Structures are given as structure tokens and as C-alpha cells.
There are 2 protein chains.
Amino acid sequence: MIQTMPSDLQGAFRALADPSRREMLTRLRDGDMTIGDMAGHFPMTRAAVKKHLTILEQGRLISVHARGRERINRLEPAALKDVAGWLDYFSTFWDDKLNRLQTAVEAAEGNSK
Amino acid sequence: MIQTMPSDLQGAFRALADPSRREMLTRLRDGDMTIGDMAGHFPMTRAAVKKHLTILEQGRLISVHARGRERINRLEPAALKDVAGWLDYFSTFWDDKLNRLQTAVEAAEGNSK
DNA sequence: CCATTATAATACCATTTGGTATCATGTATA
DNA sequence: TATACATGATACCAAATGGTATTATAATGG
């Protein structure tokens with residue numbers, strides 16, 4: 001169980017905050033796509049799609065590789081794994097019985113104050 | 001292994017996008033806090049802290065309980081668990097050997113085009 | 001009761017964000 | 001080579017975001 005707090009996650013969290021970008025990630029889960037491919041699935045211009053893909057790339061959630069005049073966008077799971085690692089810092093709160101003990105103690109403190 | 005996509009995560013992802021809010025969550029990990037308590041740890045006004053806590057509440061990452069004139073802010077791990085569940089939708093990409101096979105196949109397709 | 005304290009509500013501001021439109025550049029291809 | 005095609009770059013816009021200041025409300029304590 002990892003208990004160190006990963007840093008440098010701001011770009012990833014920022015990228016994940018937009019629902020279109022999250023949907024783009026789920027589409028890339030099924031295979032690499034060009035910008036044009038991706039734009040075909042969203043009600044926005046290619047330019048807007050490219051902006052989103054750039055933000056995903058800045059968050060290291062995808063990588064972009066040139067192939068001729070196309071740009072192949074590929075899911076990069078490492079950053080997603082880091083985000084999951086950050087969340088794991090809280091995992092004792094949803095699966096550890098110590099959590100219930102702690103909140104019970106704090107509730108008692110609150111009532112007695 | 002869960003393979004359904006949790007919905008209604010927008011509020012949680014939005015709340016997690018800000019580094020101050022993520023730090024607030026880590027502080028609540030050590031125990032419930034009032035707005036004033038929290039404001040003591042951040043270089044911003046109480047009003048700003050309260051705005052952040054409201055966004056965390058809207059994302060269901062915390063709950064707020066009145067106690068006299070104070071508001072007790074408490075970590076609510078359920079939404080964090082849902083976020084972790086969403087990320088788990090990608091977990092095969094960082095720990096499954098099938099991933100390497102898939103990307104190898106796609107790279108071959110790309111070269112042959 | 002009165003002063004203090006903790007929070008709420010509102011208005012306001014600068015910056016960022018998500019989007020468009022337009023034009024430039026590089027790459028296939030007839 | 002000429003032309004179409006995929007993308008990049010830039011400027012621009014409305015709305016959301018992160019913050020402040022100010023004022024109001026409500027609970028606590030002497």
C-alpha cells in the first residue's frame with residue numbers, strides 16, 4: 001500500500017475536470033485516434049478537440065505521435081495510475097473499520113463540547 | 001473488478017481540479033474541521049476557504065454539519081471511491097499485459113498504412 | 001443585554017476556460 | 001505540379017473560476 005503523496009498531478013487533475021476530456025480518454029481506451037477521428041464523435045470543431053487533446057497531453061494522460069500529416073493520440077495510463085495512487089491515500093476511509101471508530105470518537109467529542 | 005462507468009462524477013472531478021481543495025481534503029483526512037480551522041492553514045480569506053468547501057460539498061467529497069454557530073466539515077470518502085472506480089475502468093492499461101499486445105498491434109497497423 | 005465570534009451573502013474584479021472563426025503550414029495524391 | 005486534406009496558430013468571445021471586500025445574521029459568553 002502506497003502512502004507517499006504523488007506530486008505533479010495538477011495537470012492530470014485539471015485535464016480530468018472536463019467531461020469531454022474524460023470521454024476522450026474512454027474513447028482512446030479502445031484504440032489510438034487522430035484529431036479528426038476524435039472530432040467525429042464530439043459536437044465541437046476540430047480546433048476545440050485539439051485544444052482538449054493538448055490539455056490531456058499536458059497532463060500526460062495521452063501522448064501524441066506524428067504519422068505523416070496526422071497526429072496519433074494514444075492513452076498514457078501512467079498519469080492515471082498516479083491519480084489512482086493519490087486517491088489511495090484516502091482508501092482507508094472507505095474500506096477500513098478504523099474509519100468508523102474515528103468518526104464515532106469525533107462525534108462524541110463534538111457532542112461534549 | 002468493476003466495469004460499469006459511474007456517472008454523476010462531474011462535481012467530484014471539478015472539485016479535485018484545484019490544488020487548494022485537494023490539500024483541504026488531505027487536512028480533513030486527519031479530522032473534521034470548522035471553516036475557521038481550515039482558513040488558518042491557507043493564505044486566503046475565510047470567504048475564499050468557504051467557497052472551496054462549498055465546491056467540495058457540491059462534489060459530495062465532504063459533508064457539512066452545523067454545531068452551534070460553527071460548521072463542521074467532514075471528509076466523505078464515498079465520492080472519492082467513485083472517482084477511484086472510474087479510474088479503475090482504465091486499470092487494465094497499467095497492469096495488464098494485454099495492453100502491451102494491443103499497442104504493439106496498433107503500432108504495426110500504423111506502420112503498414 | 002451587549003460585545004464578540006463564526007459564518008453567510010452579496011457584489012465586484014482579474015484571469016482562466018471552452019468555444020469559435022480565420023488563416024498558415026505541411027503532406028498526400030491525381 | 002496543383003490540389004485537397006490534416007493539422008497548427010492566432011485572435012477573439014462569453015462564461016466560469018478564484019479571489020477580495022463589505023455587510024448581514026446568528027450563536028456565545030460575561
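Below, all heavy atoms of this structure are taken into account, side chains as well, without hydrogens, waters or symmetry copies. The model shown is predicted, which means the values in this text are computed figures rather than measured ones. The chains referred to below are lettered A, B, ... by the order of the sequence lines, with proteins before strands, and numbering in each begins at 1.
- As rounded to whole Å, 17 Å separates atom C1' of D/dT7 from atom NE2 of A/H65.
- Of the possible donor and acceptor atoms, one in the side chain of B/R29 sits under 3.5 Å from a partner among the backbone N and O of A/Y89.
- For B/R14, no side-chain nitrogen or oxygen approaches OP1 or OP2 of D/dA16 to under 4.0 Å.
- For the pair A/R71 CZ and D/dT7 C1', the interatomic distance rounds to 6 Å; values are reported in whole Å.
- Near DNA chain C, meaning a heavy atom under 4.0 Å from it, residues 43-51 of chain B has B/R46, B/K50 in order of number.
- Sorted by residue number, the list of members of residues 56-64 of chain A with any non-hydrogen atom under 4.0 Å from DNA chain D is empty.
- Here C/dT17 presents its C1' atom at 14 Å from CG of B/D18, a figure rounded to the nearest Å.
- Every residue two or more places apart in sequence or in another chain was checked for a salt bridge (Lys or Arg N to Asp or Glu O under 4.0 Å) with B/R71, and none qualifies.
- For A/E76, the side chain to side chain donor-acceptor pair (under 3.5 Å) criterion is met by A/S63, not counting sequence neighbours.
- Rounded to a whole Å, the CD1 atom of A/I35 is 16 Å from the P atom of C/dG26.
- You'll find the side chain of B/M38 stays beyond 4.5 Å of the side chain of B/I35, heavy atoms only.
- Taking each heavy atom of B/A17 and A/F13 in turn, the nearest pair found is CB-O, 4.0 Å.
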Working note: B/R60 + B/D8, criterion salt bridge (charged side-chain N to carboxylate O under 4.0 Å, His left out); need CA distance, chi angles, decisive distance, verdict. CA-CA 10 Å; B/R60 283 177 270 195; B/D8 211 19; 2.4 Å; yes

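- Protein atom CD1 of A/I55 is 7 Å distant from nucleotide atom P of C/dT17, rounded to whole Å.
- Spacing between atom CG of A/D32 and atom C1' of D/dA6 amounts to 17 Å, rounded to whole angstrom units.
- Nearest heavy-atom pair, A/M44 versus A/A48, reported as atom, atom and distance to 0.1 Å: SD-CB, 3.7 Å.
- Under the 4.5 Å side-chain criterion, counting only non-hydrogen atoms from C-beta, B/V83 is in contact with A/L87.
- Partners of A/E70 according to the salt bridge (Lys or Arg N to Asp or Glu O under 4.0 Å) rule, which considers only residues two or more places apart in sequence or in another chain, are A/R67.
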Report, as a single string ordered 5' to 3', how protein heavy atoms within less than 4.0 Å touch nucleotides 24-30 of chain D: B base, S sugar-phosphate only, - not at all. ---BS--

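- Between the CG atom of A/L53 and the P atom of C/dT17 there is a distance of 16 Å, given to the nearest Å.
- Here the side chains of A/F42 and A/H52 are not in contact, with every heavy-atom distance at 4.5 Å or above.
- Side-chain proximity of B/S20 to the nucleotides C/dA8, D/dG19, D/dA6 is greatest for D/dG19.
- Formation of a donor-acceptor pair under 3.5 Å by the A/R74 side chain with backbone atoms of A/D32 is not found in this model.
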